[in-house]
Amino acid sequence: QQPKWMVSHAWSTPLRYTVRMLEAHSLSRYGACWRSTLYWCCTLANNQHNLHELSEPALLRTPFARVLLSPQCEGMVLLSDEPVTPLMRAWCVLEAYITELLRSGHMAHQKALHLFDIACPVASKKTLNGF
């Protein structure tokens with residue numbers, strides 16, 4: 001199955017926040033069909049014990065770029081925290097850059113639509129530390 005969304009994140013994000021942000025993202029995009037949304041997350045998709053694919057000299061052939069460039073990928077969702085940690089990571093900046101090129105139509109791999117969404121935990125009355 002091909003993912004609809006590529007997840008850009010920092011490893012420092014707690015798993016419970018990651019899951020809840022993706023649930024909220026899917027609900028906001030797909031409503032009642034939210035459970036069928038497929039996401040690609042490097043933490044789960046890449047073999048963390050064998051990262052030879054990341055040494056690919058052509059950046060558009062890395063797993064991250066291949067997902068973004070795939071016709072089934074609707075866009076990227078950036079999972080953020082208060083200090084916006086993901087944008088301090090080189091891979092996340094590359095993912096955001098490729099996404100912006102696709103979104104704005106400035107890349108040879110033209111798509112009718114490519115989205116760049118941002119999700120972040122928000123404190124509520126129930127919990128003051130987000131979610």
Side-chain angles (χ1 to χ4, degrees):
Q1 294 176 328
Q2 293 293 319
K4 284 189 175 202
W5 290 89
M6 196 276 197
V7 178
S8 187
H9 68 100
W11 284 71
S12 59
T13 304
L15 181 60
R16 71 179 187 276
Y17 287 10
T18 298
V19 170
R20 289 180 181 160
M21 284 188 279
L22 291 176
E23 285 176 349
H25 178 261
S26 189
L27 272 167
S28 72
R29 283 277 176 198
Y30 305 104
C33 299
W34 73 276
R35 290 182 186 264
S36 63
T37 307
L38 298 175
Y39 290 90
W40 187 93
C41 184
C42 67
T43 305
L44 304 170
N46 288 335
N47 180 346
Q48 300 300 315
H49 302 287
N50 182 6
L51 296 173
H52 75 276
E53 287 184 308
L54 301 184
S55 62
E56 170 64 52
L59 291 176
L60 293 181
R61 291 188 187 144
T62 61
F64 308 95
R66 287 195 320 255
V67 171
L68 290 168
L69 296 171
S70 72
Q72 297 81 10
C73 183
E74 293 179 14
M76 182 183 86
V77 57
L78 175 73
L79 304 184
S80 191
D81 53 11
E82 193 172 323
V84 195
T85 305
L87 293 183
M88 293 180 221
R89 298 184 60 235
W91 281 110
C92 293
V93 171
L94 173 67
E95 295 158 0
Y97 178 69
I98 293 170
T99 295
E100 181 54 24
L101 289 175
L102 288 166
R103 193 196 65 74
S104 64
H106 290 98
M107 190 167 230
H109 295 80
Q110 293 298 321
K111 291 182 170 188
L113 180 69
H114 196 81
L115 304 167
F116 188 162
D117 289 355
I118 300 172
C120 58
V122 177
S124 67
K125 290 179 184 177
K126 197 176 196 180
T127 64
L128 295 178
N129 61 352
F131 289 114

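Computed from a prediction, not measured in an experiment: that's the story for all the values here.
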Considering only Ile, Leu, Val, Met, Phe, Trp and Tyr, and joining two whenever side-chain heavy atoms are under 4.5 Å apart, list the other residues clustered with L15.
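L15 clusters with V19.
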Would you indicate whether the side-chain heavy atoms of [Y] and [X] approach each other to under 4.5 Å?
{"X": "T18", "Y": "H9", "answer": "no"}
{"X": "F64", "Y": "L59", "answer": "no"}
{"X": "L38", "Y": "Q72", "answer": "no"}
{"X": "M107", "Y": "L69", "answer": "yes"}
{"X": "P121", "Y": "R20", "answer": "no"}

Atom [atom1] in [X], atom [atom2] in [Y]: separation rounded to 0.5 Å?
{"X": "K4", "Y": "T37", "atom1": "NZ", "atom2": "OG1", "value": "6.0 Å"}
{"X": "L94", "Y": "I98", "atom1": "CG", "atom2": "CD1", "value": "4.0 Å"}
{"X": "C73", "Y": "L102", "atom1": "SG", "atom2": "CG", "value": "8.5 Å"}
{"X": "D81", "Y": "Y17", "atom1": "CG", "atom2": "OH", "value": "10.0 Å"}
{"X": "L113", "Y": "E74", "atom1": "CG", "atom2": "CD", "value": "7.5 Å"}
{"X": "W11", "Y": "C92", "atom1": "CH2", "atom2": "SG", "value": "11.0 Å"}

Q | Test item: R35 side-chain N/O and S26 main-chain N/O as donor-acceptor pair under 3.5 Å | A |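 No; judged by distance alone, with no hydrogens or angles, the pair does not exist.
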Is there a donor-acceptor pair under 3.5 Å between the side chain of T99 and the backbone N or O of E95?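 Such a contact is found between T99 side chain and E95 backbone.
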For this session: Please identify each residue that fulfils side chain to side chain contact (heavy atoms under 4.5 Å, CB included) with I118, with sequence neighbours left out.
Result: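 For I118 the side chain to side chain contact (heavy atoms under 4.5 Å, CB included) partners, ignoring immediate neighbours, are L78, S80, F116.
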Exercise for the section: Would you indicate whether Y97, at its atom OH, is surrounded by more than 12 heavy atoms from other residues, nucleotides or ligands within a distance under 6.0 Å? Expected result: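 No, because the 6.0 Å sphere around OH of Y97 holds 12 heavy atoms or fewer from other groups.
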Which pairs, with at least one residue in residues 97-109 and sequence neighbours excluded, count as a salt bridge (charged side-chain N to carboxylate O under 4.0 Å, His left out)?
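Pairs touching residues 97-109 that pass the test: E100-R103.
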Please report the closest heavy-atom contact between [X] and [Y], naming both atoms and the distance.
{"X": "M76", "Y": "S8", "value": "SD-CB, 3.6 Å"}
{"X": "W5", "Y": "V77", "value": "CE3-N, 4.0 Å"}
{"X": "Y39", "Y": "L22", "value": "OH-O, 3.5 Å"}

